[in-house]
Amino acid sequence: MTGQDANGAATGLSEAPVLVVDPDGDQRREVAAMLKRAGFRVKVIESGEEAIEEARRERPNLVVLEVRLSDISGYEVCRALKQQFGDAVGVIFVSRDRTETSDRVAGLMIGADDYMGKPLAADELVARARGLARRAGAHEHLGAPALRAGLTPRELEVLHLLAEGHSQLAIAERLFVSPRTVGKHIEHILAKLPARSRTEAVAIAYQRGLHAPTAKPTEPAPE
């Protein structure tokens, strides 16, 4: 589905809503107004728990999310949304505090797609929102196999253990295979995601919700 701008031109955006999540009422209304003027269908939400519940009722294609909420952390909201929807929901973190590099990295590591500091510039917010909304719309009808990037169940298991911080040797012992076999699985994971390093692979895993635990083997399994 596509929307239309104020002049009736097609925007190419999904009709799924954008959630604006911020405990500050004035900020919610201001951001919502910016996005509505650009043709987005917007829902304003005060708390993190409410945002998660609303997303489960109707999947948004984008969430503009304040880091510091009145109940749970924006990071927790982002993690929950990415675990359930993967790249079918874009997340832009916004922060009213001075944004340190470490804060940006933390947000991106748990799955956020962008991070902006307040006050927000309307043209910049809309440009970033349009790009993410289009990407999310492209993923709207993709099933779990597409979001898994073609990883096998064993590769997903190795990726999960990497995300938990296990070494190659520890993963081999956990899965009852040789370290060389684990190394081959890691090579395949890096090629399929694609990623240039294990650290980048773990970041992608969080972005796509690929790090959820799988059943742990209790006996050796064939490779």
Side-chain angles (χ1 to χ4, degrees), residues 59-63 65 67 73-93 99-116 127-217 221-223:
R59 183 195 60 79
N61 64 4
L62 178 65
V63 180
L65 179 62
V67 174
S73 167
Y75 294 132
E76 294 179 65
V77 176
C78 178
R79 190 191 305 276
L81 295 178
K82 287 295 186 176
Q83 283 179 341
Q84 181 166 358
F85 301 109
D87 283 344
V89 173
V91 176
I92 299 177
F93 269 131
T99 304
E100 301 289 351
T101 299
S102 58
D103 294 331
R104 290 178 178 270
V105 170
L108 295 173
M109 282 292 288
I110 64 168
D113 300 285
D114 210 336
Y115 204 124
M116 299 179 66
R128 296 189 188 193
R130 284 186 183 278
L132 286 174
R134 289 193 181 96
R135 189 201 69 181
H139 282 272
E140 185 171 358
H141 300 296
L142 294 179
L147 292 177
R148 288 198 298 266
L151 299 179
T152 67
R154 178 47 62 90
E155 288 163 357
L156 284 169
E157 195 168 23
V158 170
L159 182 57
H160 165 65
L161 293 171
L162 284 174
E164 284 190 335
H166 294 286
S167 67
Q168 186 168 323
L169 179 59
I171 293 172
E173 293 174 349
R174 186 80 165 266
L175 300 181
F176 304 101
V177 298
S178 70
R180 185 171 180 274
T181 297
V182 174
K184 288 294 184 183
H185 285 313
I186 293 173
E187 288 179 13
H188 296 160
I189 290 167
L190 296 180
K192 289 178 179 180
L193 286 177
R196 291 169 294 182
S197 67
R198 298 182 188 185
T199 299
E200 186 176 351
V202 169
I204 292 172
Y206 276 99
Q207 291 172 355
R208 299 188 185 179
L210 299 176
H211 62 291
T214 54
K216 305 297 188 294
E223 293 302 310

Subject >> Check: V177 and R154 side chains under 4.5 Å, non-hydrogen atoms >> reply: yes
Original post:
Between OG1 of T181 and CG of L175, what distance do you get to the nearest 0.5 Å?
Top reply: 10.0 Å
Original post:
Looking at residues at least two apart in the chain, or sitting in another chain, which of them share a side-chain hydrogen bond (donor to acceptor under 3.5 Å, both in side chains) with R196?
Top reply: E200
**OP:** Return the set of residues passing side-chain hydrogen bond (donor to acceptor under 3.5 Å, both in side chains) with D114 (not counting sequence neighbours), or none when no residue passes.
**Re:** R128
Subject >> R130 side, atom CZ; L62 side, atom CG - distance, nearest 0.5 Å >> reply: 11.5 Å
Original post:
Is E187 close to K184 at the side-chain level, that is, under 4.5 Å between some pair of heavy atoms?
Top reply: yes
Subject >> E155 side chain vs I189 backbone, donor-acceptor pair below 3.5 Å >> reply: no
**OP:** Give a yes or no answer on whether the side chain of D113 reaches the backbone of V91 with a donor-acceptor pair at less than 3.5 Å.
**Re:** yes
**OP:** Measure across L159 and A201 and return the closest heavy-atom pair with its distance rounded to 0.1 Å.
**Re:** CD1-O, 3.9 Å
Original post:
Does some side-chain heavy atom of I110 sit less than 4.5 Å from a side-chain heavy atom of K82?
Top reply: no
**OP:** Mind telling me whether Y75 and F93 have parallel, tilted or perpendicular rings, with 30° and 60° as the class edges?
**Re:** perpendicular
Subject >> Set of side-chain hydrogen bond (donor to acceptor under 3.5 Å, both in side chains) partners for S167, sequence neighbours left out >> reply: none
**OP:** Please report the closest heavy-atom contact between S178 and A172, naming both atoms and the distance.
**Re:** C-CB, 3.7 Å
**OP:** Please report the shortest heavy-atom distance between S197 and L190, naming the atom on each side.
**Re:** O-CD2, 3.3 Å
Original post:
With sequence neighbours left out, what residues match H166 under side chain to side chain contact (heavy atoms under 4.5 Å, CB included)?
Top reply: L161, E164, A170, I171, R174
